[in-house]
Amino acid sequence: ESTPNELIQQWSPPHKKILTSAKGKENEENAFVLARRPRKRRESSAGLCLDSLPDELLLGILSRLSLQDLLRTSRVCKRWHCLAFDESLWHSVDLVGKAQLDAELGQVLSAGALRLRCPHTCIGQSRFKSAQKLRVQHLDLSNCTVETSVLEDILSRCKHLHNLSLEGLVLSDSIIHSLAQNTEIVRLNLCGCSGFSPESLAEMLKSCTRIEEMNVSWCDFNNLHVQAIANNIPSSISQLNISGYRQNLIMEDVKAVVKRCPNLTNLDLSDSVLVTTDSFPVLQQLSSLRHLALSRCYQIHPAALIDFEKFLNLQTLEVFGLIQDSYLPILCKGLPHIQINTQPFSTVARPTSASRKDRTLWGMHCRLDYLS
């Protein structure tokens, strides 16, 4: 109250200068004043704006959205676009039902997806924006329509694969060399693949020493490919499908596989016409063997199948094409501890078995689902 008025005026902010119209005879009678209208304050009762929420809360909200809603949200503004493609939201994606994938595939993988399921899809150019390495660990590209060069670009960026299915695809030596860089791979499905040499196959098997399940059935292999597998297969293998090689798989290859992989629990040698009953004593050395498939190994006489009573730990035996339906009950009675001809399709290293109706990826579910 005792502060002098002069000092108050000195400390006070300067008043806004009022702009008036220019002087002139024509404006003397119609003078006007320019002034800024004060901005109204937002009432607190209007509610909380989403923009005021921290990123952590918004990510928690976005994590509840479906794939379609998450993509719609990404178009709201720049901030929401960045949040919608945060790697924490894209750790597992199921794109089954998406017929065509072009730049979308590169965008999903670049977003940090750890699990990706997109079999039976037509894949175009992925168009990665940088040379960054991908975080993907579980990848299913089974029976996709894709150029080998595009597949080379994708797999050259993968260094941390644990599970991989390339069933039915045309590969190359470059792709097999890229797979050799994934030393932590556990399950590998190359069923029906072609386009690579025995040398690159041997190199990959020497590098990937942690493989537990491998499916190399019905590939475009010759006897050199089969020998590369038999002589270089890692001892960590517990499930192996090496069926479909007709006259290219010989007894020496079977002996080499049994010697290198003493812990085999599941072995499929189907459609190998040179496998005979001489293989029984060799296979009996596999003390942990639970599942054996010898379907259409026509050199094995049906009467010799009773010898499997010596395989005390064997649980299932597939011998489709070797015995007639009328003889099956007799064989089942002679081998009461073994289930015979119960699994016509192999499940070794496959991401989803043919008998399962769920949409899992090697037993794991994907959070973002294209069809949901």
Side-chain angles (χ1 to χ4, degrees), residues 167 187 189 191-192 211-219 226 229-230 233 235-350 352-356 363:
E167 183 168 340
R187 298 181 183 90
N189 180 20
C191 173
I211 299 180
E212 296 179 6
E213 298 183 27
M214 186 169 69
N215 190 334
V216 286
S217 61
W218 293 100
C219 295
V226 176
I229 295 173
I233 188 171
S235 60
S236 58
I237 291 282
S238 61
Q239 300 188 45
L240 174 64
N241 186 343
I242 191 172
S243 62
Y245 293 114
R246 306 294 183 180
Q247 298 180 356
N248 289 323
L249 180 69
I250 61 177
M251 276 299 302
E252 294 302 319
D253 299 324
V254 176
K255 293 178 181 179
V257 168
V258 170
K259 183 178 180 180
R260 293 185 63 88
C261 305
N263 299 317
L264 278 172
T265 62
N266 190 335
L267 179 60
D268 192 338
L269 300 174
S270 300
D271 298 282
S272 301
V273 296
L274 296 184
V275 173
T276 66
T277 53
D278 294 337
S279 64
F280 291 3
V282 178
L283 297 174
Q284 198 171 356
Q285 300 174 22
L286 300 172
S287 58
S288 301
L289 190 62
R290 300 289 185 272
H291 311 282
L292 177 63
L294 298 172
S295 299
R296 296 169 295 279
C297 294
Y298 296 116
Q299 294 294 329
I300 299 177
H301 195 276
L305 296 177
I306 197 64
D307 291 345
F308 282 104
E309 63 182 358
K310 302 175 183 178
F311 291 66
L312 302 180
N313 294 322
L314 194 63
Q315 298 175 357
T316 63
L317 176 63
E318 315 303 332
V319 286
F320 291 98
L322 295 187
I323 59 175
Q324 299 179 356
D325 293 340
S326 58
Y327 182 68
L328 184 58
I330 300 175
L331 183 61
C332 291
K333 187 176 181 180
L335 303 173
H337 67 289
I338 301 177
Q339 296 182 1
I340 303 175
N341 289 357
T342 58
Q343 297 180 0
F345 302 105
S346 173
T347 61
V348 175
R350 284 196 162 116
T352 305
S353 63
S355 61
R356 300 184 65 171

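For the numbers below, each heavy atom of this structure counts, side chains included, while hydrogens, waters and symmetry mates do not. Numbering of residues begins at 1 and proceeds along the displayed sequence.
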S.K.: Do side-chain atoms of T265 reach the backbone of S238 as a donor and acceptor pair under 3.5 angstrom?
M.R.: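 Confirmed, T265 side chain pairs with S238 backbone.
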S.K.: Give a yes or no on whether the backbone of S243 and the side-chain of S217 come within a donor-acceptor separation of less than 3.5 Å.
M.R.: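 No, S217 side chain to S243 backbone: no donor-acceptor pair under 3.5 Å.
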S.K.: Is there a donor-acceptor pair closer than 3.5 Å between any side-chain N or O of R296 and the backbone N or O of G321?
M.R.: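 No, the answer is negative, given that no donor and acceptor are paired below the 3.5 Å cut-off.
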S.K.: Looking only at heavy atoms, what is the nearest atom pair of L274 and M251, with distance?
M.R.: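 Taking L274 first and M251 second, the nearest heavy atoms are O-CG, 4.3 Å.
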S.K.: Donor-acceptor pair, distance only, cut-off 3.5 Å: does the side chain of E213 make one with the backbone of L240?
M.R.: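 No; judged by distance alone, with no hydrogens or angles, the pair does not exist.
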S.K.: How long is the straight-line distance from CG of N341 back to OG1 of T316, given to the nearest 0.5 Å?
M.R.: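 Going from the OG1 atom of T316 to the CG atom of N341 covers 10.0 Å.
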S.K.: Return the CG to CD distance between L322 and Q299, rounded to the nearest 0.5 Å.
M.R.: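 The CD atom of Q299 is 10.5 Å from CG of L322, to the nearest 0.5 Å.
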S.K.: Is any side-chain heavy atom of Q315 closer than 4.5 Å to one of H291?
M.R.: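 SC-SC contact between H291 and Q315 confirmed.
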S.K.: Please evaluate residues C261 and I233 with respect to the criterion side chain to side chain contact (heavy atoms under 4.5 Å, CB included), reporting the C-alpha separation (whole Å), side-chain torsions for both, the decisive distance (0.1 Å), and the verdict.
M.R.: CA-CA 8 Å; C261 305; I233 188 171; 3.6 Å; yes
S.K.: Stepwise, does the side chain to side chain contact (heavy atoms under 4.5 Å, CB included) test hold for V257 with L269?
M.R.: CA-CA 11 Å; V257 168; L269 300 174; over 6 Å; no
S.K.: Who passes salt bridge (charged side-chain N to carboxylate O under 4.0 Å, His left out) against K259, sequence neighbours left out?
M.R.: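 K259 satisfies salt bridge (charged side-chain N to carboxylate O under 4.0 Å, His left out) with no residue once adjacent residues are dropped.
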S.K.: Under a 4.5 Å cut-off applied to non-hydrogen side-chain atoms, are F308 and L294 in contact?
M.R.: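 The answer is yes; the side chains approach within 4.5 Å.
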S.K.: Quick one: pull up CG in L335 and CD1 in I330 and give me the separation to the nearest 0.5 Å.
M.R.: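 Interatomic distance, L335 CG to I330 CD1, rounded to 0.5 Å: 12.0 Å.
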S.K.: Examine distances only and state if a side-chain atom of S236 and a backbone atom of I211 form a donor-acceptor pair shorter than 3.5 Å.
M.R.: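 Confirmed, S236 side chain pairs with I211 backbone.
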S.K.: Please check this pair: side chain of N313 against backbone of S287, looking for a donor-acceptor N/O pair closer than 3.5 Å.
M.R.: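 Flag set: sc N313 to bb S287 pair under 3.5 Å.
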S.K.: Checking side chain to side chain contact (heavy atoms under 4.5 Å, CB included) for the pair D253/N248: CA distance, chi angles, key distance, verdict?
M.R.: CA-CA 9 Å; D253 299 324; N248 289 323; over 6 Å; no
S.K.: How far apart are the closest heavy atoms of L249 and I242, and which atoms are they?
M.R.: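 Shortest heavy-atom contact: CD2-O, 4.2 Å.
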S.K.: Could you check I300 against L305 for side chain to side chain contact (heavy atoms under 4.5 Å, CB included), going step by step and ending with a plain yes or no?
M.R.: CA-CA 8 Å; I300 299 177; L305 296 177; 4.0 Å; yes
S.K.: Rounded to the nearest 0.5 Å, how far does CG of D271 lie from OH of Y245?
M.R.: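 With rounding to 0.5 Å, OH (Y245) is 11.0 Å from CG (D271).
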S.K.: So do L264 and V258 actually touch side chain to side chain, heavy atoms under 4.5 Å?
M.R.: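 Answer no - side chains too far apart.
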S.K.: To check you understand the geometry: which heavy-atom pair defines the closest contact between A349 and N189, and what is its length?
M.R.: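 Scanning both residues, the minimum pair turns out to be O-CB, 3.5 Å.
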S.K.: For a 4.5 angstrom cut-off between non-hydrogen side-chain atoms, does M214 reach I237?
M.R.: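 Yes, their side chains come closer than 4.5 Å.
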S.K.: Give the minimum heavy-atom separation between S270 and C297, together with the two atoms involved.
M.R.: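 Heavy atoms of S270 and C297 come nearest at CA-SG, 4.1 Å.
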S.K.: Quick check: does any side chain N or O of N215 sit under 3.5 Å from a backbone N or O of V348, one acting as donor and the other as acceptor?
M.R.: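 Flag set: sc N215 to bb V348 pair under 3.5 Å.
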S.K.: Between atom CG of L292 and atom OG of S279, what is the distance when rounded to the nearest 0.5 Å?
M.R.: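 Those atoms lie 8.0 Å apart.
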S.K.: Parallel, tilted or perpendicular, judged at 30° and 60°: which one describes the rings of F280 and F311?
M.R.: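 The arrangement is perpendicular - the two ring planes meet at more than 60°.
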S.K.: Roughly how far apart are L331 CG and I323 CD1, rounded to 0.5 Å?
M.R.: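 Between L331 CG and I323 CD1, I get 5.0 Å after rounding to 0.5 Å.
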